[in-house]
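Structure first, commentary second.
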Amino acid sequence: MTRYIRHAAVFCALLLAALLVNATRLQVVQSRTYDDSPANRRATIARYGQPRGDILVEGRPVTGSRDTREQLRYERTYADGPLYAPVTGFASQEYGTTLLEHAEDGVLSGADPMLSPLPLWNDFTRSRNPGGDVVTTLDPAAQRAAYRGLGGRKGAVAAIEPSTGRILALVSAPSYDPAVLSGNDRSVARSWARLNGDADRPMLNRAVRQTYPPGSTFKVVTAAAALDAGVITDLDEPTDSPAPYRLPGTTTTLTNESDGCADLSLREAFKWSCNTVFAKLGVDVGVTDMAATARAFGFNDPALRIPFSVARSTFDTTMDKAQLALSSIGQYNTRATPLQMAMVAAAVAGGGQVREPYLVERTTRAGGATVATAGSRPVRQAMHPATAVRLKELMTDVVREGTGGNAAIPGATVGGKTGTAQHGILNSGTPYAWFVSWAQGEKDLEPKVAVAVVVEDASAFRQDITGGGVAAPIARAVMEAVVNSRK
Amino acid sequence: MTKAGTSVRTADPPTPAVRLPRRRGIELALIVLAVLLSVYGYCAVGFARNGTVPPGAAGYGAGLGVLALMAHLAVRWRAPYGDPLLLPIGVLLNGLGLVLIYRLDLETPGDRAAPTQLVWSTLGVALFIVVVLLLRDHRVLQRYSYVCVVAALVLLTLPIFFPAVNGARIWIRIAGFSIQPGEFAKVLLAVFFAAYLAANRNALAYAGRRLWRLQLPTGRVLGPIVSVWLLSVGVLILERDLGTSLLFFGLFVVLLYVATGRTGWIAVGLLLASLGAVAVGWLEPHVHGRVEDWLHPFASIEAGRGPNQLAQSLFAFATGGVLGTGLGLGHSVLIGFAAKSDFILATAGEELGLAGLSAVFLLYGLLVERGYRAGLSLRDPFGRLLAVGLASIVALQVFVIAGGVTGLIPLTGMAMPFLAQGGSSVVTNWAIVALLIRVSDSARSQYDGEAIP
């Protein structure tokens, strides 16, 4: 019997060996595969196991973390949620992250290896860094002014500091409170369904993720192209343009909102926003030069990130003359985000230079030590500096004497351009009211702020829906907030 | 009646007593180590979770220590030659099990299992002490083999009259405690198999007709044992407890092989096992699902239903890696309701890592090895078969459940000896260790097979 007992013992030893080999396979050889499975909640649990870093506006956090003692322990909270939602986005246990919460997630969640005091330190200690902070470029006064100005009407505001590209305000309305998406209880799912089902689309970031026909505000680009191409040499010389203007190669004629546009000079045509003049100017410049100028301003750039991605603003590069004529007054396929139009205004204000806009000044460790700064951004010359000087003059005239009078700020130089973009079949939709502008305080050496405002559905009478009437006051409020601030 | 002065005509002088060292001191030292390790684990959980020593640490340590000490004294008194490793291994595994259950209790504040488990462990150790004190010679059991088998069958049949829990009719509920009688039946059946095979092994091996290379025993000899086995397995299939029927089947084959030495039995056993497994796996939806899960553990994830228990268990093991996350710092509670019972090993794998898991496996391996060793050194066939049977129960059980939760073989619900939540299981395993101590005491003392006084 002894022999057979030994055999049975060997059999048991084999079973033990099989268990040990299999455990090694599972825990060492293939462990990475299991760790990386999207169904494995451990990464998520670790991620929410510590408070998230904060997003700061002028040194004050606009976000926070709440300890729920649940499995996904720390929940995001927001101070002034609706005001900053187009910047922060949301950070939800259930629905992931968006906007800054998403773009800077590595720093905020503590996963970014740059946060560790020494390279490879975390791999060694198997620990996670506390979440770092993200310091934004926002000016809270400008942000609040823009939000209050929109007052819940559908629309967006983008404000940039022309000399740097810092984004001072980024507002989209109607907005929502990202706090309702934090956590993972049932109310979060309800909020998610409600927000997604809302016809007003409150979670859409209209300032950077929505493009609109820019309408007459695009005339700034057309004017820059005409001046740069030498089609116009003197602002006050008649432009030799008929009104109404028959689109080349068609029987369609283009008219103006106001009378007396025929053969007007660029200065007057800009002031009174004559469609006929600018349509013809665009055709005279030609599609190649128009497209080149538009691209220099930032159109057709799909790669812009601030650091979250910005929808591509478009200007067609191949079209016939009739289409070019319409494109040159911001219609046909020309579309722009409010941020893009703020960049146009900023280029004029900043001597013709377009600086890539950015929202994050720097990122820091939990203790405040800087991890990364915005650094130097790419700069493009969108037009000759001399052209910029002349455009500033044109824009200033618009506010002083033309359609943009509502944007005037006492004691400051303000330049602007109105726009009323028609859209829909046979222009049946409520027009979009646009206003792009910049402002320079009395004591400032250069313009401090460039703004673009779009209002989608002004509930006023149709004839009142114009950039000058609806959008310009909002732009003024934002510019005032920046120009009058002590900084 | 010897006359005075008659010279004693001597036969060979009696062989000098080869008394093995008793090694009770080593046992005590190992028990102290086992208790300290368990208390350390308990404190580690508290530190990891709250940064303090958990409030019950002293009580827990004292309780475990007193239990272990009493068991040790019983062994010292009545089984002084008992294997010195068995009791410390039992204490350490039971202590570790309590730590793991306590640790999982922290995640389910509404459902605390550790206090109940502590009560059952106390009962288990009490049973251990009773067995060591009252059972002076394991051969007594041989006389009661038929009592054992009847008791085993009664125990196995009982749960049929109670409602099913989680799809299996293996529990009975009495006064708030749920008992799994099948657990106790294991030991009783092992006793019966050992006694019967010891009595009839020659008839099984050498009598009867020969079919090709297989020596068939006569029906008279094989009949009772096969019918008992069939009955038990039948009952278990009715109760849908495949783990235990698999265990009985394995135990039966191992003991038959050890008793008769016929490799043919293994061949027949494996053939029957595979036929049975294929048939059941094909026909029984419950088992079929288990096999499907084993072949495709991530199928439910791909189907969008989220990870099933097995996938969660694999995640837990994988997270542990070599050194583990540390006690109290894993997330094996994601496994769900069976985390404290069938899947307790996943917590060990996640929080103690491959290192800790291997240590646990080796502890079981050592326990089994000591059982086999006792079997080898005994001289009576019953004792040998009993020792081998008890050790094999532990070995098969560990393999089936550990192989199941690590994805080596299809999952079969079974309790990890000593570690898993389950009162009947803990009590039974303490009984097994007590019997192993008893047989090893017989094997290691100078006992040479004389009649029982």
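Lettering of chains follows the sequences in order, A, B, ..., and the numbering in each one begins at 1.
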Verify, without hydrogens or angle tests, whether R42(A) (side chain) and H331(B) (backbone) share a donor-acceptor contact under 3.5 angstrom. yes
Worked check of side-chain contact (heavy atoms from CB on, under 4.5 Å) between L354(B) and L26(A): CA-CA 9 Å; L354(B) 180 61; L26(A) 192 56; over 6 Å; no
Does CZ in R201(A) sit with more than 12 non-hydrogen atoms of other residues, nucleotides or ligands closer than 6.0 Å? no
Can you tell which of A395(B), G353(B), G371(B), A391(B) has the highest number of heavy-atom pairs within less than 4.5 Å of chain A? G353(B)
One should read off an interatomic distance between Y4(A) OH and T260(B) OG1, to the nearest 0.5 angstrom, of 8.0 Å
Quick one: sort the Y257(B) and H7(A) rings into parallel, tilted or perpendicular, breaks at 30° and 60°. parallel
Segment of R373(B) engaging chain A (4.5 angstrom heavy-atom cut-off): neither
Output the option from E107(B), E350(B), E369(B) having the highest count of non-hydrogen pairs under 4.5 Å with chain A. E350(B)
Quick one: closest heavy-atom pair of L16(A) and G365(B), and the distance? CD2-CA, 4.2 Å
Where does Y364(B) contact chain A at under 4.5 Å (heavy atoms): side chain, backbone, both or neither? neither
Looking only at heavy atoms, which two atoms of A9(A) and Y372(B) are closest? And how far apart? N-CE2, 3.6 Å
Considering all heavy atoms of both residues, which atom of V258(B) and which atom of M1(A) are nearest to each other, and what is their separation? O-CG, 3.2 Å
As an exercise, state the distance from CD of Q30(A) to CZ of F317(B), rounded to the nearest 0.5 Å. 14.0 Å
So, taking the atom named CG in L15(A) and the one named CZ in F361(B), what distance separates them when rounded to the nearest 0.5 Å? 11.5 Å
Okay, A18(A) and chain B: the region with an atom under 4.5 Å from a heavy atom over there is both
Most chain A-contacting option - heavy-atom pairs closer than 4.5 Å, from L376(B), I301(B), L362(B): L376(B)
Which distance, rounded to the nearest 0.5 Å, do you find between the CZ of F298(B) and the OG of S37(A)? 5.0 Å
Without swapping roles, check the side chain of Q27(A) against the backbone of V322(B) for a donor-acceptor pair under 3.5 Å. no
Check: T406(B) main-chain N/O paired with N22(A) side-chain donor or acceptor under 3.5 Å: yes
Against chain A, work out which of V254(B), L314(B), L357(B), V398(B) has the most heavy-atom pairs shorter than 4.5 Å and name it. L314(B)
Sort L19(A) into side chain, backbone, both or neither according to what part of it lies under 4.5 angstrom from a heavy atom of chain B. both
Consider only side-chain N and O atoms of T2(A) and R384(B), and report whether a donor and an acceptor are under 3.5 Å apart. yes
Bottom line for R32(A): the part with an atom under 4.5 Å from chain B's heavy atoms is neither
Assert yes or no for the condition that the ring centre distance of F399(B) to F11(A) is strictly below 6.0 Å. no
